[in-house]
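Heads up: the structure comes next, in structure tokens.
Here is the naming used below: chain letters follow the sequence lines, and residue numbers restart at 1 for every chain.
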Amino acid sequence: MQEEYDATSVESHVQDVWNANNAFQVTEDESRPKYYCLCMFPYPSGSLHMGHVRNYTIGDVLSRYKRMQGFNVLQPMGWDAFGLPAENAAIKNNTAPAKWTYQNIDEMREQLQRMGIAYDWSREFATCTPEYYRWEQWFFTKLVEKGLAYKKMATVNWDPVEQTVLANEQVDAEGRGWRSGALVERREISQWFLKITQYADELLAETEKLEGWPDAVRTMQRNWIGRSEGVEFDFALANGPIGDVSAIRVYTTRPDTVAGVTYMAVAAEHPLATFAAASNADVKAFVEDCKQTGTSEAAMEKLEKKGVPLGIEAINPISGEAVPVYVANFVLMTYGTGAVMSVPGHDQRDFEFAKKFGLPIKQVVQSTVEPVDVTEQAFTEKTNTVAINSGQFDGLDFEACFQAAADFLAESANGDKKVNYRLRDWGVSRQRYWGCPIPIIYDKDGNAHTVPESDLPVVLPEDVAFSGVKSPIKDDPDFINTTVPGTDEPGIRETDTFDTFFESSWYYARYACPDADQMLDSRANYWLPVDQYIGGVEHAVLHLLYARFFHKLMRDVGLIDSDEPFTRLLTQGMVIAETFYRDDEGKPEYFNARELNLEYDNKGRISGATLKTDGKPVTVGRIEKMSKSKNNGVDPLEMIDRYGADTVRLFSMSDSPPHQSLEWKDGGVEGMNRFLRRVWREVSRLPDDAGQHAYEPDELNEAERALRRKTHETIAKVTDDIERRYTFNTAIASMMELFNEASRFDERGPSAFAVQHEAFSVLVRLLSPFTPHITHQMWAGLGYESALIDEAWPEVDEEALVKNSLTMVLQVNGKRRGEMIVAATASKEDCEKAAMEDDNVAKNLEGKTVRKVIVVPGKLVNIVAN
RNA sequence: GCCGAAGUGGCGGAAUCGGUAGACGCGCCGGAUUCAAAAUCCGGUUCUGGCAACAGAGUGAGAGUUCAAGUCUCUCCUUCGGCACCA
């Protein structure tokens with residue numbers, strides 16, 4: 001072993017060894033427990049960023065650790081290759097999205113391979129290839145057959161200038177299109193949906209069983225599904241039917257407050273609004289105005305709540321009163337019934353709307369414990385309440401009133417008790433080119449026919465000119481024109497493509513059998529479910545919920561046996577860094593730290609920065625997520641060139657626990673590099689025959705015993721940190737402690753060498769999942785001939801952990817007054833007695849009477865006195 | 001707006017089940033080595049007072065529970081993630 005550590009040569013050598021042995025290719029093996037570790041696959045943007053590095057290092061640490069534990073480990077990698085960025089790049093660079101995507105994949109694969117992750121590359125695939133997407137087309141036709149996929153109208157963002165549908169991301173905060181700057185309109189078009197709501201109850205119930213998931217994610221999923229129990233019923237119109245509308249149907253979770261309804265609100269697209277708009281200019285203008293907003297929930301909720309009376313009245317079925325009907329911008333036609341009842345006394349949003357428009361507020365629920373004034377704010381409690389001003393329901397509590405009102409509405413207003421979900425069916429149609437074609441053909445009457453299995457895949461033409469924003473297949477006659485399946489009649493292909501969440505909802509299963517001549521084969525049941533899934537928190541709801549849904553669909557089609565796709569989940573935080581900018585004409589220009597000279601104050605904080613090219617100052621901004629737009633990214637490849645992959649991997653794991661954000665610090669990277677160099681040097685300096693000695697545990701001296709204890713404490717700590725806690729940062733810290741102790745150890749003699757050799761041998765194995773290249777070399781340097789990746793994870797010798805004495809803290813009235821060393825076998829009484837004899841304790845007890853003594857064994861003694 | 005997190009020294013963070021606040025690393029200060037510097041090594045480093053022993057304060061703000069609170073409860077502030085067509 002050379003004395004100086006050269007990362008570049010070590011890493012390329014070790015990677016060659018792994019590749020020559022296909023070290024990470026796996027097959028099904030019933031004799032060993034399997035472990036499937038998966039990181040969320042990347043969108044092939046063309047360059048690896050630090051978020052990827054962090055994500056994939058976490059997966060690799062867990063995979064390599066499990067391999068050393070004797071598991072048959074699968075860790076695959078592939079490409080989430082359909083999506084909007086390829087279209088944007090196509091417009092910008094005048095390249096076909098396919099070409100751009102495949103080039104990016106090749107570049108990113110190369111970058112990724114330099115990190116030395118233990119992937120089984122033989123399973124790699126890209127979702128934009130027909131070999132992959134044909135199976136989701138096939139699956140979709142099955143779902144159509146089973147009635148789980150259907151068409152209905154849905155709202156999209158329409159750019160009136162570009163004449164195209166925009167993604168929410170392409171609409172700015174003011175509701176303007178990203179390219180045209182025109183005010184975006186809501187438009188309804190017919191789209192395909194998957195009936196995820198049919199699985200809502202199962203998804204919700206099984207959320208409770210996902211014990212390996214973070215509670216925060218489970219809570220978010222639960223809230224997203226948002227199960228509620230309520231009543232759907234009619235408000236009759238006061239002056240008889242209007243057109244074919246004779247009643248306004250609403251859903252409420254508070255039927256106990258119906259008597260308090262003082263007005264109604266309907267969506268701009270509701271038939272009553274349309275009717276009123278025909279004769280009322282104010283309504284007409286308002287309805288038009290309502291369409292000029294984006295479709296995102298956040299945009300809707302932030303809107304100033306506005307409404308206009310329709311001049312129509314409805315009859316409150318409980319109070320019999322006539323109440324006015326408004327058209328309001330916060331009610332959406334596509335959600336629920338497109339109309340809501342309003343109870344300003346007991347709902348805060350209704351309250352604010354009523355105050356603004358001078359509508360009456362009626363209290364129908366009274367608190368039994370506190371005074372309530374519904375003219376001040378809505379009273380929304382449901383416990384310790386009674387109904388008032390509600391006729392026959394007066395005096396009932398929430399539960400009783402809910403039931404009685406529900407029964408009454410069932411009798412008198414077509415009422416129906418109904419379980420409702422906040423979750424809506426999954427709209428899977430996208431009016432975009434770079435996605436999987438939806439395998440549907442329409443006949444001349446517009447009826448949808450699924451493409452038969454024998455005609456699949458419907459291949460997306462890749463050699464297209466993509467210059468504008470419109471999908472080129474939308475007017476490509478070769479693509480569109482076909483025949484209706486089973487006939488000679490001309491037919492027209494669906495030109496919408498699937499939401500890219502479609503691909504990412506089942507890729508984890510395809511890795512089990514990437515070459516199967518069907519969607520999945522029996523190998524899927526060997527590998528699934530994924531034992532450990534790792535990815536960004538930003539996917540906590542949508543991607544993870546869709547994948548869970550898809551898993552159940554695949555189960556119900558008979559493709560797999562399990563109920564849930566991911567047994568354990570780790571959601572990792574972002575990688576963040578300092579930003580620097582100049583704000584000249586309102587639009588800030590961002591600079592990368594590489595372009596700047598940074599100034600520090602005497603405490604090491606950045607106090608200023610100047611641009612290298614002109615020497616003039618730039619503003620130091622806040623610390624934000626690494627992104628192109630903020631120009632604060634750090635290029636992993638540059639870092640690997642400078643320090644080696646092991647250092648970059650180690651730093652990405654060392655500075656904060658994985659679920660928190662990681663701040664990129666050049667100094668921290670250097671610290672990790674320094675650590676690896678020190679370990680390398682110490683290992684290279686060990687005597688050649690250090691591993692030849694042995695020791696008898698009972699014959700070690702105090703220093704040897706202490707180092708051996710530290711070694712085994714560290715095994716226990718690192719194992720727990722990786723396996724149970726996922727706190728890789730503290731695992732690394734404890735390995736550094738072991739190193740500090742082992743390298744400072746200066747005993748000599750056969751047993752001392754043996755203990756020190758054991759410490760380094762353990763350290764190298766514990767470190768190997770984090771920094772697999774350098775440890776591979778050091779393992780050989782320690783005199784071992786085996787390959788480190790085939791070694792077992794070290795085991796704790798419980799005997800080595802035994803301590804003869806313990807340090808205990810002494811407190812008087814909860815304040816620390818000293819510490820003492822006691823025998824490990826000391827009883828509570830012994831500890832109490834010894835504590836009283838401590839000088840500083842005695843001083844602090846002067847003139848006081850001891851009231852109580854609390855002894856926490858092995859920790860502290862607290863004496864309460866006054 | 002709704003849902004979910006986070007807030008601790010100069011900085012990133014540690015404190016795992018209510019029991020020593022600040023592990024480990026960075027930075028900074030001092031020293032060794034060097035013609036000098038880089039690199040490396042050794043020591044110190046929450047703040048205030050003190051030569052020290054030690055004392056006081058201290059985990060976003062404010063209350064509360066407890067012998068004991070960074071940790072539990074309530075109220076509030078700030079920042080971040082998601083909100084269904086970014087992935």
Side-chain angles (χ1 to χ4, degrees), chain A residues 40 42-43 45 80 82-85 88 154 156-157 165-171 214-217 219-220 222-224 226 295-303 305 330 349 422-427 429-432 499-501 504 536-543 545-546 571 573-574 576 600-606 622 624-625 651 654-657 659-672 674-675 677-678 681 720-721 724-725 727 729-730 732-737 740 807-811 813-816 818-819 840 851-854 856 859-860 862-864:
Chain A
M40 291 181 186
Y43 179 80
S45 60
D80 187 15
F82 275 136
L84 210 48
N88 296 339
V156 293
N157 299 306
V165 176
L166 297 182
N168 283 339
E169 188 194 48
Q170 297 170 319
V171 180
D215 286 336
V217 175
T219 305
M220 280 190 268
R222 220 177 277 129
N223 292 339
W224 186 263
T295 56
S296 79
E297 189 183 348
M300 299 292 296
E301 291 285 341
K302 279 185 209 147
L303 276 183
K305 307 287 179 283
F330 53 86
R349 186 182 67 186
R422 202 187 81 89
L423 178 70
R424 310 191 299 260
D425 275 341
W426 176 13
S429 297
R430 296 292 180 270
Q431 298 69 44
R432 320 214 174 277
D499 178 3
T500 56
F501 276 128
S504 57
V537 240
E538 63 272 24
H539 296 294
V541 177
L542 290 179
H543 161 61
L545 193 65
Y546 291 145
T571 49
M574 304 169 300
I576 57 179
Y600 298 90
D601 65 15
N602 61 358
K603 292 193 163 163
R605 288 174 296 206
I606 294 178
R622 25 160 144 219
E624 295 196 62
K625 178 179 178 171
F651 174 71
S654 70
D655 233 31
S656 53
H659 61 271
Q660 284 178 33
S661 55
L662 170 76
E663 190 180 335
W664 188 264
K665 289 271 193 184
D666 289 345
V669 183
E670 275 159 28
M672 289 305 120
R674 196 173 303 147
F675 169 67
R677 290 201 313 265
R678 289 167 70 203
R681 199 178 53 227
D720 187 49
D721 282 353
R724 182 180 62 87
R725 297 213 305 152
T727 49
N729 56 329
T730 55
I732 292 167
S734 67
M735 288 188 277
M736 288 179 156
E737 285 184 46
N740 290 340
T807 304
M808 289 178 76
V809 164
L810 303 173
Q811 293 183 335
N813 290 330
K815 279 195 189 290
R816 190 182 192 281
E819 57 182 42
N840 204 32
R851 300 290 174 195
K852 197 171 170 186
V853 180
I854 290 132
V856 183
K859 298 264 181 175
L860 61 72
N862 185 15
I863 300 162
V864 185

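Dashed line: the shortest gap from a side-chain N or O of A/R674 to OP1 or OP2 of B/U40 is under 4.0 Å. Contact between the side-chain N/O atoms of A/R816 and the OP1/OP2 oxygens of B/G19 is not found at any separation under 4.0 Å. Phosphate proximity of B/G19 to A/N862: absent, as no side-chain N or O sits under 4.0 Å from OP1 or OP2. For B/U40, the OP1/OP2 oxygens have a side-chain nitrogen or oxygen of A/R677 closer than 4.0 Å.
Using a 4.5 Å heavy-atom threshold, the side chains of A/R725 and A/D720 count as touching. A/L810 places none of its side-chain heavy atoms less than 4.5 Å from the side chain of A/N840. The shortest distance between side-chain heavy atoms of A/W664 and A/D655 does not fall below 4.5 Å. The shortest distance between side-chain heavy atoms of A/N88 and A/Q170 falls below 4.5 Å. Counting heavy atoms from C-beta on, the side chains of A/H543 and A/T500 never come closer than 4.5 Å. Side-chain contact check for A/V864 versus A/V853: every heavy-atom pair is 4.5 Å or farther apart.
If you check B/C67, B/C54, B/U20 against the side chain of A/N840, the one that comes closest is B/C54. Comparing B/U16, B/C41, B/A14 by their nearest atom to the side chain of A/R681 picks out B/C41.
Nucleotides B/C3 and B/G9 place their C1' atoms 34 Å apart, quoted to the nearest Å. B/G82 and B/U75: their C1' atoms are spaced 26 Å apart (whole Å). B/U71 and B/A14 have their C1' atoms separated by 13 Å, given to the nearest Å. Taking the P atom of each, B/G30 and B/A23 are spaced 22 Å apart, rounded to whole Å. With both ends at atom P, the span from B/A69 to B/U59 equals 11 Å, rounded to whole Å. If you take atom C1' in B/G60 and the same atom in B/G7, they sit 6 Å apart, rounded to whole Å. Taking atom P in both B/C24 and B/C42, one finds a spacing of 14 Å when rounded to whole Å. Nucleotides B/C54 and B/G4 place their C1' atoms 46 Å apart, quoted to the nearest Å.
Rounding to whole angstrom units, CE of residue A/M735 and P of B/G25 are separated by 13 Å. Residue A/R851 contributes atom CZ, which lies 18 Å from atom P of B/U66 at whole-angstrom precision. In this structure, A/M300 places its CE atom 16 Å from P of B/G1, rounding to the nearest Å. Atom NZ of A/K859 and atom P of B/A21 are 13 Å apart (whole Å). Rounded to whole angstrom, the span from the CH2 atom of A/W664 across to the P atom of B/G13 amounts to 15 Å. Rounded to an integer number of Å, the gap from A/H659 NE2 to B/U16 C1' is 12 Å. Protein atom CD1 of A/I576 is 10 Å distant from nucleotide atom P of B/G81, rounded to whole Å. Straight-line distance from the NZ atom of A/K815 to the C1' atom of B/A21: 13 Å, rounded to whole Å.
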Please list each protein N or O that sits under 3.5 Å from an N or O in nucleotides 22-24 of chain B, with the distance.
| from | atom 1 | to | atom 2 | distance (Å) |
| --- | --- | --- | --- | --- |
| B/A23 | O2' | A/E737 | OE2 | 2.7 |

Along nucleotides 82-87 of chain B, 5' to 3', which nucleotides get a B, which get an S, and which get a -, given that the test is a protein heavy-atom distance under 4.0 Å?
SBBBBB
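Under the 90° criterion around 0 for the glycosidic angle, B/C47 counts as anti. In B/G9 the O4'-C1'-N dihedral to the base is within 90° of 0, which defines a syn nucleotide.
Using the six-membered ring where Trp is involved, A/Y546 and A/W426 have ring planes that are parallel, under 30° apart on the 30 and 60° scheme.
Judged purely by atom type and a 3.5 angstrom limit, A/K305 uses its side chain to pair as donor or acceptor with the backbone of A/L303. A donor-acceptor contact shorter than 3.5 Å is absent between the side chain of A/T295 and the backbone of A/N157.
Where A/E819 and A/D655 meet RNA chain B, the nucleotide closest to each residue was compared, and A/D655 sits on the side nearer the 5' end. Each of A/L860 and A/K665 has a nearest nucleotide on RNA chain B; the 5'-most of these lies closest to A/K665.
Looking at RNA chain B, the stems built from 3 or more consecutive Watson-Crick or G-U wobble pairs, each pair with its key distances under 3.5 Å, are B:1-7 with B:77-83, B:10-12 with B:24-26, B:27-32 with B:40-45, B:46-49 with B:54-57, B:60-64 with B:72-76.
Using a 4.0 Å heavy-atom distance criterion, A/V809 is classed as a base contact. Counting non-hydrogen atoms under 4.0 angstrom, A/M574 reaches the backbone sugars and phosphates but no base.
Taking 3.5 Å as the limit, the base of B/U79 and the side chain of A/R622 contain no donor-acceptor pair of atoms between them.
Inspection of the A/D721 and A/T730 side chains reveals an N or O donor paired with an N or O acceptor under 3.5 Å.
For A/E297 and A/R422, the salt-bridge test passes: some basic side-chain N is under 4.0 Å from an acidic carboxylate O.
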